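Below is one structure, written out as structure tokens, with a few remarks after it.
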Amino acid sequence: MTLSICTAQLNFVVGDMPGNAQKIIAAAREAYAQGARLLLTPELAVCGYAAEDLFLRPAFLAACDDAVKTVARETAGLKGLAIVLGHPQAATPGAPAFSACLNAASVLRDGRVEQTYAKRELPNYQVFDERRYFVAGTEPCVFEVDGVRVGVLVCEDAWFAEPARSTAAAGAQLLAVINASPFHLGKSAEREATMRERVAETGLPLVYAHLVGGQDEVVFEGRSFALNADGSVAARGPGFEEKLVFALVRKAQAAIKIEADIAPEKSLEADLWDALVLGVRDYVGKNGFPGALLGLSGGIDSALVLAIAVDALGADKVRTVMMPSPYTADISWIDARDMAERLGVRYDEISIKPQFEAFKAALAGDFAGLPEDTTEENLQARIRGTLLMALSNKFGSIVLTTGNKSEMSTGYCTLYGDMAGGFAVIKDVAKTRVFDLARWRNANDPYGTGANPIPERIITRPPSAELRPDQKDQDSLPPYEVLDAIVARYMENDEPIESIIASGFARADVERVTRLIKLNEYKRRQAPVGIRVTRRSFGKDWRYPITNKFRA
């Protein structure tokens, strides 16, 4: 006996219930034509993940109900096809606004809803806030298709033993897990390892259907997979692309064996690059921007963002502007021009010297007798931000900011200056990793937009904001290898200050970096949203008070 299963690894748009429904219907028809009799969609596929406070609006839930009915009606002719459809559902029909709802998975077959399962484990950590919106279910869901009894779990349910155990006790022979689990570096391996634990505990094979796409600050990498009862990988879909992933389930007496293609695993840098590219492509595309615009300084950060943007959008949708100041070195504009030519993007130069001199003249009376300091440095950054935003307003392209995680941690960035923009591409990428990615991209051309796009001198020269003569980043910060390690320990892993010092870091460096992290919370609150690629980003993962006397 055989059962063909299709996991619909698809990219949905939050709130576009009609469009999402049509995408699911098209996938069901294609899967059915290729012999599948079970289609698994990702968690909350009908509305997209995560819809946040839209879940609190009765009209939103009603539109989701309409979409579920549309999918059931339009697939009624696919006789014998069972569809596990992720969607939200009001816990109480006709409930008022702000009432909790269910994170549901319904089994659709022959035009009707056979069963509806409610997610039982509701995560409330990292980027998750599900207890704000959902009430937990209590009962397992098992249904039969082509002689195989399938048990449904929704995402977090499979990270705990009890839901899988009770589903097996209810008669399941195969676990079907539908998911929307955000990407961070290493998360794919963690998922497979955790699902292997469920398989070992229950003795059941498992199919894992996963979302793909970017949604504001989070990215979902797809890479749906299946495990046999012995824990071996039986199937794995590609990462960061839409795909209908098919698996053939063979049942002989009580034994079940899954057979399918296994996509190769990629390097950490390749995964990170794909995540950043997909995050940019979907943020720009789903929000309807005609293209992207960025300040190209001749430095490593803007160079990396440009390469990502071109891979995401194509050279014709990316514009660069070099805005030299009195302190800009010749090699900066030479390298900026060189990189723009390599990638074939529009490149313009607008000197900010006249505006800078005008600002200083306007403030000369108030500043008389005072030395130049960060005030004048910030003026330059703010002039550049103003020019970029003016171009954005006039032509509609979104400004991509170029600050990295090291800068966001320490406040080495200017409010209303280099922080001005609509999307922070490398906001969660530490400076040391910026260099690693630049080298990786020069050695690889994953999207066919051009080999070796970043001039070598941009990678090898000492980083500088070029806001005063002979300025270097390391004039006022510890070496990036030290800084990034402290940030990772303190910010990402919540390690206490004394513990970091005890592990070998200089007390002065640790005290300085952690103090800067605390002092610059007010800046981060005003920064644009950016792509999350680590376990903890400065976004939904990080919710600290601005007014705060505590240091860990």
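Computed from a predicted model, the values in this text were never measured in an experiment.
Applying the ring-ring contact (aromatic ring centres under 6.0 Å, His included) test to Tyr447 and every residue at least two apart in sequence or in another chain returns nothing. Not a single ring-ring contact (aromatic ring centres under 6.0 Å, His included) links Phe143 to another residue, sequence neighbours left out. Partners of Ala270 by side-chain contact (heavy atoms from CB on, under 4.5 Å), not counting sequence neighbours, listed by chain and number: Lys266, Ser267, Trp440. Scanning for side-chain contact (heavy atoms from CB on, under 4.5 Å) contacts around Lys286 gives Asn11, Val13, Asp282, with sequence neighbours left out.
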Criterion side-chain contact (heavy atoms from CB on, under 4.5 Å) on Glu495 and Tyr490, from CA distance to verdict: CA-CA 5 Å; Glu495 192 171 332; Tyr490 181 78; 5.8 Å; no

Check against salt bridge (charged side-chain N to carboxylate O under 4.0 Å, His left out), Lys431 and Asp301: CA-CA 8 Å; Lys431 187 77 168 190; Asp301 295 316; 2.9 Å; yes

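Distance check: Gln115 CD to Cys141 SG gives 4.0 Å after rounding to the nearest 0.5 Å. With values rounded to the nearest 0.5 angstrom, Arg223 atom CZ is found 4.0 Å from Ser188 atom OG. Note: Ser4 OG to Leu248 CG = 6.0 Å, rounded to the nearest 0.5 Å. The CG atom of Leu10 sits 9.5 Å away from atom CG of Asn20, with the distance rounded to the nearest 0.5 Å. Annotation: the span from Trp273 atom CH2 to Ile308 atom CD1 amounts to 4.5 Å, rounded to 0.5 Å.
Nearest heavy atom pair, residue Val245 against residue Gly237, reads CG2-CA, 3.9 Å. Ala105 and Ile178 make their closest contact through CB-CD1, 3.8 Å (heavy atoms, listed as atom of the first residue, atom of the second, distance). Nearest heavy atom pair, residue Val14 against residue Ala50, reads CG2-O, 4.0 Å. Scanning both residues, Leu276 and Ile531, for their nearest heavy atoms gives O-CD1, 3.5 Å.
Sorted by first and then second residue, the side chain to side chain donor-acceptor pair (under 3.5 Å) pairs involving residues 30-50 (not counting sequence neighbours) are Glu30-Gln34, Glu43-Asn103, Glu43-Lys119, Tyr49-Glu130. The side chain to side chain donor-acceptor pair (under 3.5 Å) analysis of residues 233-247, with sequence neighbours excluded, yields the pairs Lys23-Glu242, Glu192-Arg236. Note on residues 228-262: pairs passing ring pair (Phe, Tyr, Trp, His ring centres under 6.0 Å), not counting sequence neighbours, are Phe183-Phe240. Judged as a side chain to side chain donor-acceptor pair (under 3.5 Å), the pairs with a partner in residues 58-76 (not counting sequence neighbours) are, in order, Arg29-Glu74. For residues 139-160, the set of pairs meeting the salt bridge (Lys or Arg N to Asp or Glu O under 4.0 Å) definition, not counting sequence neighbours, is empty. Evaluation of the salt bridge (Lys or Arg N to Asp or Glu O under 4.0 Å) test over residues 201-214, restricted to residues two or more places apart or in two chains, returns Arg198-Glu201. Every pair tested for salt bridge (Lys or Arg N to Asp or Glu O under 4.0 Å) that includes a residue from residues 3-20 fails, sequence neighbours excluded, so the list is empty. For residues 180-190, every residue pair satisfying the salt bridge (Lys or Arg N to Asp or Glu O under 4.0 Å) rule, not counting sequence neighbours, is listed here: Glu190-Arg535.
The only member of Leu81, Val107, Val84 that meets side chain to side chain contact (heavy atoms under 4.5 Å, CB included) when paired with Leu38 is Val84. Considering Val154, Asn179, Leu211 as possible partners of Pro42, the one that fulfils the side chain to side chain contact (heavy atoms under 4.5 Å, CB included) test is Leu211. In summary, of the residues considered (Leu175, Val177, Ile258), a side chain to side chain contact (heavy atoms under 4.5 Å, CB included) with Val207 occurs for Ile258 alone.
The side-chain heavy atoms of Asn452 and Arg342, taken from C-beta on, include a pair separated by under 4.5 Å. In this structure, the side chains of Thr401 and Phe423 stay at 4.5 Å or more apart for every pair of heavy atoms. Side-chain contact between Arg532 and Asp541 is present, with at least one heavy-atom pair separated by less than 4.5 Å. A 4.5 Å side-chain heavy-atom check between Leu108 and Val71 finds at least one atom pair inside the cut-off. In this structure, Val249 and Thr2 have side chains that are not in contact, with every pair of non-hydrogen atoms separated by 4.5 Å or more. Put simply, the side chain of Ser166 reaches to within 4.5 Å of the side chain of Arg120, judged on heavy atoms.
Under 3.5 Å, the side chains of Thr534 and Lys405 contain a donor-acceptor pair of N or O atoms.
The number of heavy atoms from other shown groups lying within 6.0 Å of CZ (Arg441) is above 12.
Here the two rings, on Phe55 and Phe134, have centers that are under 6.0 Å apart.
Using cut-offs of 30° and 60° on the angle between ring planes, the pair Tyr125 and Phe128 is perpendicular.
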